[in-house]
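Structure record follows, encoded as structure tokens.
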Amino acid sequence: GENVEQHPSTLSVQEGDSAVIKCTYSDSASNYFPWYKQELGKRPQLIIDIRSNVGEKKDQRIAVTLNKTAKHFSLHITETQPEDSAVYFCAASEGGGADGLTFGKGTHLIIQP
Amino acid sequence: DAMVIQNPRYQVTQFGKPVTLSCSQTLNHNVMYWYQQKSSQAPKLLFHYYDKDFNNEADTPDNFQSRRPNTSFCFLDIRSPGLGDAAMYLCATSFHGIYTDTQYFGPGTRLTVL
């Protein structure tokens, strides 16, 4: 089955700086890669996703890059703000099927004022 | 508003006492998922329904079962809860089609086992 590794487990950045979270996956059949933000006690919320036919996608301060050959994908957050503090999960699935998501272990992002 | 609803939000049960968690959706999605999320861990897929077809993950304990009586509703049954089953249970839905696999999560049910 799919295995998703996520690094780092904790990331502390100064407000206004950029944050980068990296994930690798094992199953070459995976072609859908979402990122979720989860605040304490709340549901995971989709912040951005990318499919394997695209190398990069951007939405305002958030971007995701995908290197399908290396099986790497990364989340980039620019101009970080206090409300960006949360746990971020990457995930992978064989999109196009109805399979569930395999999640990375999560990154606790802390924005220092 | 279209959404994924879970009831109850908090459930307390005793060791070994069966419990049922409920999920409903107004998105008319054809796939419904159940995830287990233990404290400080990532969500872990238990099983999913694609329409009426049930798909069980290989490592989901037999203690967990699910029912989907119609498109809108899905239930998670825990036959004999143990202390290790205390967790947040998340329901999610998606539409299996060509263009999107986005999964939308419900607010979760936090299960406590005494």
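Excluded from the calculations below are hydrogen atoms, water molecules and symmetry mates; all remaining heavy atoms, backbone and side chain alike, are included. First the proteins, then the strands, lettered A, B, ... as listed; each starts at 1.
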Can you hop from [X] to [Y] via hydrophobic side chains spaced under 4.5 Å?
X: Ile50(A); Y: Leu75(A); result: yes
X: Leu66(A); Y: Leu46(A); result: no
X: Trp34(B); Y: Met3(B); result: no
X: Val87(A); Y: Val13(A); result: no
X: Ile48(A); Y: Ile21(A); result: yes

Within the supplied structure, the quantity of interest is the number of heavy atoms (other residues, nucleotides, ligands) at a distance under 6.0 Å from [X] [atom1]; does it exceed 12?
X: Lys71(A); atom1: NZ; value: yes
X: Leu114(B); atom1: CG; value: yes
X: Glu83(A); atom1: CD; value: yes
X: Glu79(A); atom1: CD; value: no

CZ of Phe105(B) to CD of Gln38(A), rounded to nearest 0.5 Å, is 8.5 Å
Residues 103-113 of chain A: residues contacting chain B (heavy atom under 4.5 Å, by number):
Phe103(A), Gly104(A), Lys105(A)
What part of [X] is in contact with chain B, defined as an atom under 4.5 angstrom from a non-hydrogen atom: side chain, backbone, both or neither?
X: Leu101(A); value: both
X: Gln6(A); value: neither
X: Pro44(A); value: both

Looking only at Met88(B), Gln103(B), Lys44(B), Gln37(B), most heavy-atom pairs under 4.5 Å shared with chain A are made by Gln103(B)
Residues of residues 45-62 of chain B with a heavy atom under 4.5 Å from any heavy atom of chain A, in residue-number order, are Leu45(B), His48(B), Tyr50(B)
So which atom in Gly100(A) and which in Tyr33(B) form the shortest heavy-atom distance, rounded to 0.1 Å?
CA-CE2, 3.5 Å
